[in-house]
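The shown structure was predicted, so the numbers you read here are calculated from the model rather than taken from an experiment.
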2 protein chains.
Amino acid sequence: MRSLLKIGELAHHTGCPVETIRYYEREGLLDPPLRSRGNFRLYDQKHTERLNFIRHCRSLDMTLSETRTLLKFRDVPEDSCLEVNALLDKHIGHVVERIAELSALQNELNELRSKCGGVQTTRNCGILQGLSGSDVSMPKNLGSHGGGCH
Amino acid sequence: MRSLLKIGELAHHTGCPVETIRYYEREGLLDPPLRSRGNFRLYDQKHTERLNFIRHCRSLDMTLSETRTLLKFRDVPEDSCLEVNALLDKHIGHVVERIAELSALQNELNELRSKCGGVQTTRNCGILQGLSGSDVSMPKNLGSHGGGCH
DNA sequence: TAAAACCTTGTAGCTACTACAGAGTCAAGC
DNA sequence: GCTTGACTCTGTAGTAGCTACAAGGTTTTA
């Protein structure tokens, strides 16, 4: 009989914070585990594998929604995996697109940067002047500094 | 005497949604404008310029916090703009870093993708097997699919 | 037996908006 | 003068994926 892990132990084994494990359970990505008499969560090997799967997806920057989809495929071993391939292709597409966007951004930023050497007053700073121009074109992916690509 | 704009007109002029303009005011990026008798916001030319500045910063993927900082510099025209340059350099650094991360991600994803041609059952799908591995290394910037780099 | 380390639920916060609900205002047409 | 429709107001809740508490219960160790 395999040993059951308390949430802190599972966290330690997987490198996933305790709070995040509980969050995944709330979100339905992890099944509710057994409970001890004192109401502590007790995880088995399957939970550990599933959590590793989830974390691997997340480390590849997939959304929880994509991850959920992949877990569903994983739960039906006889199905064709065509859709798994399609999902991954789409995800790779997002990443490629985001790289292109950021590269364009980098060019714009470098150009802006070249407008001032830092020896001006802010009144004459080419950067601030550049930012004051009204030719603003908004990219689609705004606002969430922190990492994504979707 | 210049004409004053209602919020919808300002939105139209700047391409910034009405709700976002009100949000910037709440966040202290835009000064509260005059009000009409009926309590409608009335914006002058300075508001328009400031909003364009903000939107330009955002289009370059700067955070509102960075934008706030740049606005402060802009408000003190006699100061040196060394810090403006520093802020921009830092921001460019973030973008470069994020591009590197996403490129690494792209490599990993391509490798994973090559493990299956979609002709398997999910049980034998190389992609799902690859995702089941426990060698998970989490990048720093997780979770916000949508655009950032900080 | 007491303290420390762990666990529980529930809630609020983070970014930068976006999307309502429910009410008030204003201009044009009849 | 009245109605209709477009606009505006405030306030609140939702988005993604956690993270960080508070206030309490459990287990382990000294």
ask   = Which part of the nucleic acid, if any, lies within contact of B:R41, taking any heavy atom under 4.0 Å across all strands shown: a base, the sugar-phosphate backbone alone, or nothing?
value = sugar-phosphate

ask   = In residues 25-36 of chain B, what residues come within less than 4.0 Å of DNA chain C, judged by heavy atoms?
value = none

ask   = Starting at CD of B:E9 and ending at P of C:dA27, how long is that distance when rounded to a whole Å?
value = 11 Å

remark   = Walking DNA chain C from its 5' end, the first of B:R37 and A:G38 to be reached, judged by nearest nucleotide, is A:G38

task = Might you point out which heavy atoms bring B:T14 and B:L10 nearest each other, and give the distance in Å?
result = OG1-O, 2.8 Å

Donor + acceptor pair across side chains of A:Y43, A:R50 (<3.5 Å) = no

Distance in angstrom units between B:L42 CG and C:dT25 C1', rounded = 13 Å

inquiry  = For B:F40 and B:R68, find the nucleotide of DNA chain C closest to each by heavy atoms; which residue's nucleotide sits nearer the 5' end?
reply    = B:R68

key: Integer-rounded Å distance: D:dC7 P and B:L10 CG   = 15 Å

task = Please state how far atom CD1 in B:I21 lies from atom P in C:dA19, giving the value in whole angstrom units.
result = 15 Å

inquiry  = Using whole Å, what does the distance between atom P of nucleotide C:dA16 and atom CG of B:L60 come to?
reply    = 14 Å

query = When you check the gap from the basic side-chain N to the acidic O, do A:K46 and A:E49 get nearer than 4.0 Å?
reply = no

request  = Before giving the answer on salt bridge (Lys or Arg N to Asp or Glu O under 4.0 Å), spell out for B:R22 and B:E19 the whole-Å C-alpha distance, their side-chain angles and the decisive distance to 0.1 Å.
outcome  = CA-CA 5 Å; B:R22 283 195 284 249; B:E19 319 267 21; 3.5 Å; yes

task = Kindly point out which of C:dC26, C:dC17, C:dT8 is positioned nearest to the side chain of A:N39?
result = C:dT8

A:T63 side chain near D:dA16 phosphate (N/O to OP1/OP2, under 4.0 Å) = no

Which residue lies more 5' along DNA chain D, comparing B:Y43 with A:E19 via nearest heavy atoms = B:Y43

ask   = In whole angstroms, how far is the P atom of D:dT27 from the NZ atom of A:K6?
value = 8 Å

inquiry  = What's the closest nucleotide to the side chain of B:R22 if the choices are C:dC17, D:dT10, C:dA16?
reply    = D:dT10

inquiry  = If you define the side chain from C-beta out and look only at heavy atoms, does anything of B:L131 sit under 4.5 Å from A:C57?
reply    = yes

ask   = What's the OH-C1' distance between B:Y23 and D:dT15, to the nearest Å?
value = 13 Å

query = Of all the choices, C:dT8, D:dG17, D:dC7, which nucleotide is nearest to the side chain of A:L64 once you look at every atom?
reply = D:dG17

ask   = So does A:R41 pair up with A:E25, basic N to acidic O under 4.0 Å?
value = yes

query = Quick one: A:R58 CZ to D:dC18 C1', roughly how many Å, whole number?
reply = 9 Å

query = What residue pairs, at least two apart or across chains, pass salt bridge (charged side-chain N to carboxylate O under 4.0 Å, His left out) with a residue in residues 26-39 of chain B?
reply = none

inquiry  = Is A:S65 close enough to D:dA16 that one of its side-chain N or O atoms is under 4.0 Å from OP1 or OP2 there?
reply    = no

